[in-house]
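None of the values given here were measured: they were computed from a predicted structure. Computed over heavy atoms, backbone and side chain alike; hydrogens, waters and symmetry mates excluded.
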Amino acid sequence: MLKPQVSRQPHSTRTPLLFHKPFIQGSRNASFFLNSASKFNIEAQKNFRVAFKPSEIKAIASVTEESTGIQVKAVVTVKQTIGGLITSVGIERGLDDIKDLLGKTLLLELVSAELDPKTELEKPTIQAFAHRIGGQVVVEGDIRYEADFEVPLNFGEVGAIFVENEHHKEMFLQDIVLDGLPHGAVNITCGSWVHSKYDNDRKRIFFTNKSYLPSQTPSGIRRLREEELVLLRGNGLGQRKAGDRIYDYDVYNDMGNPDKNPELARPVLGGKEHPYPRRCRTGRPRCETDPSSEKRASAFYVPRDEAFSEVKQLTFSAKTLYSLFHALIPSIGNVIDDTNIGFPYITAIDSLFSEGIEMPPLAKEGFWKEVMPRLFKVIAGGGDVLRFEVPKPMERDKFFWFKDEEFARQTLAGLNPYSIKSVTEWPLKSELDPEIYGPPESAITSELLEAEIGGVTRVDKAIREKKLFILDYHDLLLPFVSKVREIKGTTLYGSRTLFFLTPEGTLRPLAIELTRPPMDGKPQWKQVFTPCYHSTGCWLWRLAKAHVLAHDSGFHQLVNHWLRTHCVTEPYIIATNRQLSVMHPIHRLLHPHFRYTLEINALARESLINAGGIIETSFSPGKYSMEICSAAYDKLWRFDHEALPNDLISRGMAIEDLTAPYGLKLTIDDYPFANDGLCLWDAIKRWVSDYVNHYYPESGLVASDEELQAWWTEIRTIGHADKKDEPWWPELKTRHNLIDIITTIIWVASGHHAAVNFGQYPYGGYFPNRPTIARTKMPTEDPTDEEWKLFLEKPEAALLATFPSKLQATRVMAVLSVLSNHSPDEEYIGEAIEQAWADDPIINAAFEKFSGRLKELEGIIDERNANPELMNRHGAGIVPYELLKPFSKPGITGKGVPYSISI
């Protein structure tokens, strides 16, 4: 048997910041490459042929008279990849096969967690080659390698393991199990790409699954912990390459493409003029025509382990998204070549679900059916037809989108339940400068509302009793109206929509106010529309609703979805990798909630929110969409209000009440999003409390945790630098502070995102229910005689002209279909335990309680949806509210809460 060689590492009590050799960055679970690979000779190597499952590994530590230590076996699991380790071909593949046959695939090096008690230096490492088990055996997509070590009796606990990849290609290391040690098996979760030594000669390091606060780190791996973080931060210089693992910050200066076309120039988001969160730095060259902007690239950098894995079972989501943005969207544009053509009549919209759109053939036969099986049907002759599934609400009630009661209900149980607010001040009044935007007073009067209510109550009394509610997009949108109206094919208003809470607990729409500021030499224009019982008034009301729904769709997509989940989470991810070691318990708690979010965000910058992308070409604000998003961040976003209870209180949708469940009394008892959301919030907070209290038995440990304090400081002052001086940022001094902060971050990535994402196709797939754009102004706004005559003769045509064009609608429907879909590899919150959590009996027990509470929540939601007294989630033709049910099957199910912002 091979007798492993030893390699001694010098110990230093300081954190060295300079490295003698170039280094590459680590991953979530590994990031340091030690330059300590001493040359050694191999006398012999046994090749074991074994077939086993990981749970069946059984090895017994043995010490013989001849041996000088313990026999330990390491089993390494490498994931089969697409286009990677297994499928690569050519001379390098042949050389790698020879390495496998010789048993020299991976060089492993055990690191002791202890210093040598005599020298106070790091103990010599123990080295051995790992060889592939059983030749070409592949188990469930995994390839396994094993190595045998003889570990000295005084080696102590294993704290980490170095890995050197002897292949010419990177490989995806899933985990390493060390069996035969005195205290049982040691699990090392890797989940990381390991580069070839031919690309970089520094070894990777993976720490064991045992979590440590910085002050508790064993002395033998303390230096490695500190150096790992130095490597992950990088030096802020140079352009990042695909294999890098550097996490750093930058502003959003890559949305435009001025070098291609001056019309595609866009302002930098981030800074005094346009406040915004920070993104992951790429370091690309600057544009020639606009030095403040970065050049576009075919693919945007994200740290290697943040990218969609090429692991076989994880390719579904990646392939579908890339195909959507790079193949389907352009193909739709080729089929529907007139960008302005609309639908000739309402029933023509139905053809998208019955007949579909015949798509041009691609080079690869059956491609569409392969990557988007739900969207494509094969027709006679072998062609492909893009045919959309009928959304569930339309399936239950074909005319659901036409009804006022459904319009109101969806503010509480639809795709955007985050915008409805209680009216607290009267009369309504704008805070914008009247010298620029005209008279600030609303045209909605008490007399008008009381007439609509029918004399049931007075407005002042309705406000006191919290029965008057509003969707208010007036002050946010009004400053952009004149600019947006310069864009061909779209228009914009500032809007307010008022609702009344009925005795049945449902909302009833009362009035819509649309406002245009002074422009083009004309004074301010504003008009109030109400539900009517005569033809002209009814059609004007429907048109006003279409405008409000376009405002609500844009605010939902740009603010409540993109900004408040994807965008603000990016700095949390960057700071976590830069400041919290992978050994830190908070890193391990947050990690599953951050998987692939940076890659999703990079794809959004490439194709969704970029200049000329889906958002700009299909939503009302056009090229000013992201500036509106910046204005919303500046005026509306607060970290403390991202906690669900605080959000509800800030909108007047709840009040603190210690006698009520979760300490809150809802203003509207039947508010499905809030009812289910508070249950989920409470379950998350209990889990986080159990976890935090285990690792921080005393609050003083929070204040003295240098990594944790650096993490929170960096989030506030760098990741959200434009809001660093705001007084509402929570302190981080106690366990209570930490629990609240972590619960908020997890809620945003899981519950909040699920509530605003996975209902996109169910509620937006039939676009008249949620048009993304209003293309024409109201017929009553300064009409010519001819315009008014056309409206009176064909009001349906006026509505269809306001709706998105055929191209806009079809593109958005395709995007919403993909974004609302749960892939087969979706990981749902509380479903599968992380190995590092399972290895700790106390955390394992806490997770089991958490998982149990989520299963209970499934039943609670089912009971609520079956309760006929809850009219906002139960009734004829109404789709049950299931967006916050924790678990789901693949597909567009309208339920399921994944761990992370996966799409």
Side-chain angles (χ1 to χ4, degrees), residues 22-34 76-88 92-93 96 99-100 105-109 130 132 138 141-145 160-176 188-207 228 231-232 234 240-248 280 282 299-315 317-319 322 573-574 576-578 582 587 591-592 594-600 602-603 825 827 834-835 900:
F23 55 86
I24 78 170
Q25 306 306 308
S27 73
R28 297 181 299 250
N29 290 310
S31 57
F32 178 62
F33 302 87
L34 183 67
V76 183
T77 301
V78 173
K79 284 290 184 183
Q80 184 172 0
T81 64
I82 303 300
L85 172 67
I86 305 307
T87 58
S88 58
E92 290 181 345
R93 175 69 265 168
D96 291 345
K99 292 264 187 180
D100 284 347
T105 306
L106 294 166
L107 176 61
L108 307 181
E109 195 169 332
R132 188 164 173 172
V138 178
D142 297 346
I143 302 165
R144 298 204 167 94
Y145 297 83
I161 186 167
F162 287 108
V163 178
E164 183 176 75
N165 175 11
E166 304 295 312
H167 278 190
H168 289 77
K169 298 289 185 180
E170 65 178 354
M171 61 174 65
F172 189 84
L173 229 63
Q174 182 65 21
D175 56 47
I176 302 171
I188 302 172
T189 301
C190 305
S192 178
W193 291 95
V194 177
H195 65 283
S196 166
K197 75 171 186 179
Y198 299 101
D199 295 328
N200 188 292
D201 62 358
R202 292 191 180 277
K203 300 185 181 75
R204 291 288 304 277
I205 190 169
F206 295 93
F207 297 100
E228 172 192 14
L231 293 167
L232 283 170
R240 299 275 62 83
K241 297 179 175 58
D244 289 348
R245 291 183 171 88
I246 295 176
Y247 295 80
D248 202 358
C280 186
T282 62
F300 286 16
Y301 164 80
V302 294
R304 183 64 182 99
D305 288 331
E306 303 292 342
F308 278 128
S309 175
E310 293 178 19
V311 173
K312 188 173 183 178
Q313 65 265 36
L314 295 179
T315 58
S317 298
K319 183 187 291 185
Y322 283 115
I573 299 171
I574 298 170
T576 297
N577 285 278
R578 284 168 56 88
V582 292
H587 184 121
H591 171 240
F594 293 160
R595 286 189 184 113
Y596 305 126
T597 298
L598 292 188
E599 174 80 338
I600 293 289
L603 279 173
D825 47 47
E827 297 175 348
E834 295 287 295
Q835 186 62 51
S900 63

Inset, instruction - For the pair His587 and Asn577, evaluate side-chain contact (heavy atoms from CB on, under 4.5 Å) and give the outcome as yes or no after the intermediate values. - result: CA-CA 8 Å; His587 184 121; Asn577 285 278; 3.9 Å; yes
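Within the 4.5 Å cutoff, the side chain of Asp201 has no heavy atoms near those of the Glu164 side chain. Counting only heavy atoms from C-beta outward, the side chains of Leu107 and Val163 never approach each other to under 4.5 Å. Looking only at side-chain heavy atoms (C-beta outward), Glu827 and Pro592 stay at 4.5 Å or farther from each other. Counting heavy atoms from C-beta outward, Val78 and Thr105 have side chains that stay 4.5 Å or more apart. Between Leu598 and Pro303, some side-chain heavy-atom pair lies under the 4.5 Å cut-off.
Here Met171 contributes atom CE and Tyr145 contributes atom OH; the two are 5.0 Å apart, rounded to the nearest 0.5 Å. Separating the CZ atom in Arg595 from the CD atom in Glu306 is a distance of 10.5 Å, to the nearest 0.5 Å. One finds the OH atom of Tyr247 at 7.0 Å from the CG atom of Leu232 (value rounded to the nearest 0.5 Å). Going from atom NE2 of His195 over to atom CZ of Arg204 covers 7.5 Å, rounded to the nearest 0.5 Å. Rounding to the nearest 0.5 angstrom, the gap separating the CD1 atom in Ile161 from the CD1 atom in Ile205 is 9.5 Å. Rounded to the nearest 0.5 Å, atoms CD (Gln174) and NZ (Lys79) are 4.5 Å apart.
Taking a cutoff of 4.0 Å between a charged side-chain nitrogen and a carboxylate oxygen, Glu170 and Arg245 do not qualify as a salt bridge.
Using a 30° and 60° split on the angle between ring planes, Trp193 and Phe172 fall in the perpendicular class, above 60°.
Side-chain N/O atoms of Asp142 and Thr77 include no donor and acceptor closer than 3.5 Å.
Residue Leu108 comes nearest to Ala130 through the heavy atom pair CD1-CB, 4.1 Å, listed as atom of the first residue, atom of the second, then distance. Between Phe594 and Ser900, the closest heavy-atom pair is N-CB, 4.0 Å.
Side chain of His591 to main chain of Thr576: no donor-acceptor pair is present (N/O by atom type, distance under 3.5 Å, no hydrogens or angles). With Thr189 contributing its side chain and Asp175 its backbone, the two residues share no donor-acceptor pair below 3.5 Å.
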